[in-house]
Amino acid sequence: MPGDCSIRALWILNNLDAVVFSRRFPVVEKRWRAACQSENESSDDDPVKYTVFSSIPSDSELAAAFSERKTREGSVRGFGIRVSQSREGSDSWVDDPITRHIVGVYINKEEEGENNLMWPLALHIKGPYCILILPLVEPRHVKAYARLCKRSDCGNAVTAHENLSSLLLDLPSITGAFMVAHAVGDIVTGDVVEPEVVVNQSPSVGGLLDSLTGSIGISGISSRAKPVAAPVASSTPAGAAAIGALASDVPKSGSRLLDKDALRSFISSAMPFGTPLDLSYSNIFSVRANGFSSLDIPPQDLKQPAWKPYLYKGKQRLLFTIHETLHAAMYDRDEIPDSLSVSGQINCRAELERLPDVSFPLTGLSASKIEALSFHPCAQVPEQNVDKQALMFSPPLGNFVLMRYQATCRLGPPVKGFYQLSMVSEDEGAFLFKLHLMEGYKSPLTMEFCNVTMPFPRRRILSFDGTPSIGTVSNAEHSVEWKIITSGRGLSGKSIEATFPGTVRFAPWQMQRSISFRSVFEGITDDDSDNETENTNNMANTEEFLMEKMSKDLLPVDLEEPFSWLAYNYAKVSFKIIGASLSGISIDPKSVSIYPAVKAPVESSSQVTSGDYILWNTLGKCPSAVTAKV
């Protein structure tokens, strides 16, 4: 966990802004009150003297303050930038998008002023719940944020004496608060899963997998030609009969909502007295379900870390999987450049006895242009240079995320081309796709599947007509899906071109409108009948008129659904690529060393999946970021 991280309180609110769970930590709160008293005494000579809010609000007070903030900021997360609706003292007044995730609330609204501001609250939305985590910071940090909320200028100017970025850099507890928020959110929604680690099957390791699956009580699984997911199983104490006995008791992803007792149990074990120690739910569950026996006590010469409550015993091996997610905004416009970004993580599974240290050089950093790096608490980063990052870690049990990173895409877009949608009437649109897949990609990179979806969240589809050059098409009530490459028919070592022209028909609008489609055309024809040239120009602008008119009829779209803007101006691509990373980051199994030395096979694999991979309609409006000119 980040250093100096303590949590004062946490709340979970439902979609009705009611607190359904809360927890306060008196030990941390005592430290906060002592700091407040010291800060107030030292500010006696301050010409602008005020005090900070020095107590934890009740659940009803917090719920009312959060609801008031949502009304003031326009949505749960808020505007994030200063707009005409922003008021002095609000989060959006600071004019920084991070205020959509790190928020402040005013507890006693009748006492307007800085002294009722409670900040910082880490906001995490998971399913129907909003999780708020209040970390311990110094009162001077709250005062600094209060001054930012009152500042007349806006933005994070480099020359500004105070700005939010520099303030947050001084608060490592913010990172810890978000880690707690994500862990709690996964538990509340039942989404407790371990990171995927893929096994590259080959004759040399087939027997090893068979022995592993047999040892955990999974029958009927043998060596396969295709990659398979490594079994997600936590190691039991030495006295347990089988490794798989424990895994069967761990709640599955999405199986049910965990009750409050389970959440209280996790909090008391993972962060006693408000200090996060180990946020791994599988570790906490293992300890509570099995306890410890005399055989689980480690040798005296070994210092056992909190993230490894039990020592592994069995056949040894080490698995790495580089999992990247590619986000893209494809415009096919000269004035707007396409945007590609990679979010990646290195998942690891270390089935190693005792407490060894693992080290290896991570190569390809210069080609990938890493923008951000973060590591598991078990990792140490002793050295780095232009193209290599040396890592050393003492691995925990089970699957875990060793490293996360943000990078650029070393190769071009795996799916590029254009999407066009033209509304020929209020209830009918003509569309065209022309795409190139895996252009410039060579073996071993393989695209396992590729789908394109046209969503129409505000319109109900009656029918569509069109035949693609490759693949199959199906439609639902509010979308059309084009399966270009299906599972089992991967694309490797070559590129293909795929086209799909067609039309889609919608159900008539249900809402009343003052002007009908027919009257629009009649008005144009009658008014312009004396001037043939002018009439032609107006008819050419009919589509633009229709798009603008129907956009006005659309219901307001919440900021939490950015891609529903204008309802039908984009298509979304989904795919999976295996064989290598797109950032250029790689792990050479031969360069991995284990100390003390053991004979353990090392495997490394890579896979890339699509994130928000958007093809914007080249004939419609689209949002884009403007590059600042320096």
Q: Under a 4.5 Å cut-off applied to non-hydrogen side-chain atoms, are Ser6 and Ser173 in contact?
A: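 Of all side-chain heavy-atom pairs linking Ser173 with Ser6, none is under 4.5 Å.
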
Q: Would you mind reporting whether Pro276 and Met179 have side-chain heavy atoms less than 4.5 Å apart?
A: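 Answer no - side chains too far apart.
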
Q: Using 0.5 Å steps for rounding, measure from the CD atom of Gln345 to the CG atom of Leu402.
A: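 Nearest 0.5 Å value for the CD-CG distance: 10.5 Å.
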
Q: Closest approach of Tyr106 and Gly89, non-hydrogen atoms and distance?
A: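 So the two residues come closest at OH-O, 2.6 Å.
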
Q: For the atom pair CG (Asp91) and CG (Leu117), what is the distance rounded to the nearest 0.5 Å?
A: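 It is 8.0 Å, given to the nearest 0.5 Å.
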
Q: Identify the heavy atoms of Asp59 and Trp11 that sit nearest to each other, and give their distance.
A: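 The answer is OD1-NE1, 3.5 Å.
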
Q: Check whether any side-chain N or O of Ser67 sits under 3.5 Å from a backbone N or O of Ala64 as a donor-acceptor pair, and report yes or no.
A: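 Between the backbone of Ala64 and the side chain of Ser67 there is no qualifying donor-acceptor contact (under 3.5 Å).
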
Q: Assess whether side chain to side chain contact (heavy atoms under 4.5 Å, CB included) is satisfied between Ile267 and Phe25, documenting all intermediate values.
A: CA-CA 11 Å; Ile267 292 173; Phe25 299 95; 3.7 Å; yes

Q: A side-chain contact here means heavy atoms from C-beta on lying under 4.5 Å apart; do Val358 and Val592 qualify?
A: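 Yes, close enough: below the 4.5 Å cut-off.
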
Q: Any side-chain heavy atom of Phe21 sitting closer than 4.5 Å to one from Arg264?
A: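 Yes, their side chains come closer than 4.5 Å.
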
Q: For Ser341, does its backbone N or O pair with a side-chain atom of His327 as donor and acceptor, under 3.5 Å?
A: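 Side chain of His327 to backbone of Ser341: no pair is present.
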
Q: Identify which one of Arg72, Glu73, Arg100 satisfies the side chain to side chain contact (heavy atoms under 4.5 Å, CB included) criterion when paired with Phe79.
A: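 In the set Arg72, Glu73, Arg100, the residue that makes a side chain to side chain contact (heavy atoms under 4.5 Å, CB included) with Phe79 is Glu73.
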
Q: With a 4.5 Å heavy-atom cut-off, do Phe66 and Leu121 have their side chains touching?
A: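 In short, these two side chains do not touch, never coming nearer than 4.5 Å.
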
Q: Side-chain contact test, heavy atoms from C-beta onward, threshold under 4.5 Å: evaluate it for Leu164 versus Tyr145 and give yes or no.
A: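 Yes, side chains in contact.
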
Q: May I ask you to check whether His376 and Phe393 place their ring centres under 6.0 Å from each other?
A: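 So the answer is no for these two rings.
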
Q: Measure from the side-chain N and O atoms of Asp186 to the backbone N and O of Thr189, and report whether any donor-acceptor pair falls under 3.5 Å.
A: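 Checked: no pair found.
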
Q: Shortest non-hydrogen contact from Arg24 to Ile56?
A: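 For Arg24 versus Ile56, the nearest heavy atoms are NE-CG2, 3.2 Å.
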
Q: For the backbone of Gln316 and the side chain of Glu353, can you confirm whether one donor and one acceptor N or O come within less than 3.5 Å of each other?
A: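 Answer holds: no.
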
Q: Step by step, work out the side chain to side chain contact (heavy atoms under 4.5 Å, CB included) result for Leu362 and Ile587.
A: CA-CA 6 Å; Leu362 189 64; Ile587 299 174; 3.8 Å; yes

Q: Kindly say whether Arg354 contributes a backbone atom to a donor-acceptor pair with the side chain of Lys308 at under 3.5 angstrom?
A: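 Yes; at least one donor-acceptor contact below 3.5 Å.
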
Q: Please give me the minimum heavy-atom distance between Met392 and Asp357, naming the atom from each residue.
A: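 Looking at all heavy atoms of both residues, the shortest contact is CG-CB, 4.4 Å.
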
Q: Would you confirm whether Asp96, through its side chain, and Thr99, through its main-chain N or O, come within 3.5 Å as a donor-acceptor pair?
A: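 Side chain of Asp96 to backbone of Thr99: no pair is present.
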
Q: Distance check, rounded to the nearest 0.5 Å: Arg151 atom CZ versus Glu88 atom CD?
A: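 Atom-to-atom, Arg151:CZ and Glu88:CD are 12.0 Å apart.
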
Q: So do Asn347 and Asn399 actually touch side chain to side chain, heavy atoms under 4.5 Å?
A: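 A side-chain contact under 4.5 Å is absent here.
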
Q: Are Ile370 and Ile585 close enough that some pair of their side-chain heavy atoms sits under 4.5 Å apart?
A: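 Yes; the side chains approach each other to less than 4.5 Å.
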
Q: Does atom CZ of Arg404 have more than 12 heavy-atom neighbours, drawn from other residues, nucleotides or ligands, at distances under 6.0 Å?
A: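 Incorrect, the count does not exceed 12.
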
Q: Run the side chain to side chain contact (heavy atoms under 4.5 Å, CB included) check on Leu132 and Val105 step by step: do they pass?
A: CA-CA 11 Å; Leu132 294 173; Val105 296; 5.9 Å; no

Q: Measure from the side-chain N and O atoms of Trp32 to the backbone N and O of Val137, and report whether any donor-acceptor pair falls under 3.5 Å.
A: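 Answer holds: no.
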
Q: Hey, does the side chain of Lys143 reach the backbone of Glu138 with a donor-acceptor pair shorter than 3.5 angstrom?
A: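 Not confirmed, Lys143 side chain does not pair with Glu138 backbone.
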
Q: How many angstroms lie between atom CZ of Arg140 and atom CG of Leu167, to the nearest 0.5 angstrom?
A: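 Taking CZ in Arg140 and CG in Leu167, the distance rounds to 9.0 Å.
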
Q: So does Ser265 get a backbone contact from the side chain of Ser268, meaning a donor-acceptor N/O pair under 3.5 Å?
A: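 A pair under 3.5 Å: yes.
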
Q: Going through the distances and angles, do Leu62 and Leu13 end up as a side chain to side chain contact (heavy atoms under 4.5 Å, CB included)?
A: CA-CA 10 Å; Leu62 186 281; Leu13 295 87; 4.0 Å; yes

Q: Shortest non-hydrogen contact from Cys149 to Ser90?
A: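 That closest heavy-atom pairing would be SG-O, 3.9 Å.
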
Q: Hey, what do you get for CG (Leu136) to CZ (Arg31), rounding to the nearest 0.5 Å?
A: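 Here the interatomic distance stands at 5.0 Å.
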
Q: Working to the nearest 0.5 angstrom, can you tell me the gap between Leu10 CG and Ser22 OG?
A: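 With rounding to 0.5 Å, CG (Leu10) is 7.5 Å from OG (Ser22).
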
Q: Under a 3.5 Å distance rule, please check whether Gln85 uses its side chain to pair with a backbone N or O of Gly74 as donor and acceptor.
A: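 Checking the backbone N and O of Gly74 against the side chain of Gln85, no donor-acceptor pair under 3.5 Å is found.
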
Q: Can you see whether Thr325 engages Ser343 through a side-chain donor-acceptor pair at a distance of less than 3.5 angstrom?
A: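 Checked: Thr325/Ser343 side chains show no N/O donor-acceptor pair below 3.5 Å.
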
Q: Using every non-hydrogen atom in the two residues, find where Tyr312 and Leu397 come nearest and quote the distance to one decimal.
A: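 Looking at all heavy atoms of both residues, the closest pair is CB-CD2, 3.9 Å.
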
